[in-house]
Amino acid sequence: MKKRVLVLTGGGDCPGLNAVIRAIVKRASQEYNWEILGSYQAFNGVLREPMELIVLDEKKVSGIHVKGGTIIGTTNKGGPFAWPVKDKDGNWTTVDRSDELIRKLQYQNIEAVINIGGDGSQRISQSLYEKGLNIIGVPKTIDNDLSGTDFTFGFQTAVEISTDAVDKLVTTAESHNRIFILEVMGRGAGWIALNAAVAGGAEICLIPEIPYDINRVMDKIHTRIVGGRGFVIIVIAEGAKPIGGEVVGEKSKEIGYLNLHLGGAGLRLKEELKHAGCEEDIRVTILGHLQRGGTPVAYDRILASQFGVKAFEMVLSAEYGKMVSYKHPKIVSIPIKEAIAAYNTIKQDDQLLRTARGLGITFGD
Ligand code: F6P
């Protein structure tokens with residue numbers, strides 16, 4: 001009987017997921033006696049009745065590395081440890097179905113699971129590993145906020161899209177002498193904002209790690225306008241906040257969705273600037289999910305392919321409880337525990353942050 005590996009994608013989608021899936025299947029096809037299955041929408045495919053498992057063979061994954069999204073679906077709601085159910089009064093609550101999940105996987109003769117996901121998904125991986133499941137993690141997130149790896153795939157695509165947006169806003173900003181605020185993703189880490197600000201040549205960059213003082217932002221705008229440059233580009237991460245303030249977002253009504261729906265940091269900044277006496281024209285663009293859609297850039301396809309091949313090789317060497325990681329110039333494996341111990345946020349001594357300051361970009365501090 002063939003040995004089976006179950007692959008799943010969890011959390012928000014991310015350009016490069018399909019390239020990882022394809023690489024796992026292609027690497028496995030070079031070995032004798034392995035079959036790759038995909039679970040539809042993370043562990044939901046196993047926990048649902050009937051189960052939704054998809055056989056992934058070379059024909060199924062042919063050419064998918066250039067496609068965004070994930071052919072096996074994903075979800076960032078619930079999970080085996082917090083499966084949403086309605087209680088007898090009609091209220092939503094959660095139940096732990098992890099034991100049932102492990103039983104079902106054994107029954108399906110699954111030798112190992114490869115969980116492609118961000119921080120939340122890898123926390124689930126670690127808990128399942130502690131329950132005895134043979135599991136391997138593959139890090140993904142456009143935010144690049146996962147520790148233990150130099151980069152996650154999907155991040156460079158998001159940076160490329162955000163930089164392109166800055167470039168486009170510059171031409172209209174300079175024609176109209178306007179201030180443009182571009183809001184990009186980044187819940188707790190401002191990597192996309194920082195990279196797009198440097199690559200696009202923004203004047204101001206506001207990130208979650210550095211709460212901003214609106215007066216410092218005003219000072220920079222003033223210097224710029226007085227200096228004869230009639231326009232200003234501000235890149236702000238969705239998780240940025242003023243000193244003493246909170247993030248802008250709303251609690252989701254989706255069942256099992258734990259995160260705040262962030263969005264609106266740019267609009268708030270516009271109000272704060274007006275309130276502080278800014279008389280220039282201000283326009284706000286929220287890039288939102290455009291950063292996660294479409295074709296992955298070559299860098300992300302390559303990194304994702306490296307991650308996929310390595311993940312299957314970790315199955316062959318039974319490196320369970322570990323996550324694939326990129327530590328330049330090598331693709332290595334590290335304990336999942338290490339990767340979820342802390343977020344990868346921008347530190348004050350970060351080299352790119354220092355470069356940005358050297359370029360005169362203001363962070364509002
Ligand atoms: O974690 C990746 C991310 O894109 C964040 O930058 C963003 O806040 C969040 O996902 C949005 O998630 P959703 O697709 O559920 O709105």
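Counting starts at 1 for both ligands and their atoms, following the listed order.
Here the heavy atom of the protein found nearest to atom 15 (O) of ligand 1 is Tyr257 OH, 2.7 Å. Residue, atom and distance of the protein heavy atom nearest to atom 16 (O) of ligand 1 are His289 NE2, 3.2 Å. The closest protein non-hydrogen atom to atom 10 (O) of ligand 1 is Arg292 NH1, 3.0 Å. Distance from atom 7 (C) of ligand 1 to its nearest protein heavy atom, with residue and atom name: Glu238 OE2, 3.3 Å. Scanning the protein for heavy atoms near atom 6 (O) of ligand 1, the closest one is Asp143 OD1, 2.8 Å.
When ring centroids are compared, Trp34 and Phe312 come within the 6.0 Å threshold.
Both tests hold for Arg224 against Phe231: distance to the six-membered ring centre under 6.0 Å, angle to the ring axis within 45°.
Side-chain contact check for Leu353 versus Gln348: some heavy-atom pair is nearer than 4.5 Å.
A salt bridge links Lys131 to Asp99: one of the charged nitrogens lies within less than 4.0 Å of a carboxylate oxygen. Ion pair Arg4/Glu35 flagged as a salt bridge, since at least one NZ, NE, NH1 or NH2 atom sits closer than 4.0 Å to an Asp/Glu carboxylate oxygen.
Backbone and side-chain nitrogen or oxygen atoms of Thr141 are examined, and none is located within less than 3.5 angstrom of a nitrogen or oxygen of ligand 1. Close N/O approach between His261 and ligand 1 is not found [any backbone or side-chain N/O within under 3.5 Å].
Nearest heavy atoms, Trp191 versus Asp143: CD1-O, 3.5 Å.
Within the structure, the closest approach of Gly118 to ligand 1 does not fall below 4.0 Å when heavy atoms are considered. Within the structure, ligand 1 lacks Leu262 among the residues with a heavy atom less than 4.0 angstrom away. For Gln291, the heavy-atom gap to ligand 1 stays at 4.0 angstrom or more.
Ring orientation note: the planes of Tyr326 and His328 are nearly perpendicular, at an angle over 60° on the 30°/60° scale.
Short contacts between ligand 1 and Gly186, defined as distances under 4.0 Å to a heavy atom of the residue, involve ligand atoms 6 (O).
At distances below 3.5 Å, at least one donor-acceptor pair connects side-chain atoms of Arg187 with backbone N or O atoms of Leu260.
Under 4.0 angstrom from ligand 1, the non-hydrogen atoms of Ile142 all belong to its side chain. If you look at Asn259 next to ligand 1, there are no close heavy atoms at all, none under 4.0 Å.
No hydrogens or angles considered: nothing links the side chains of Lys310 and Ser333 as a donor-acceptor pair under 3.5 Å.
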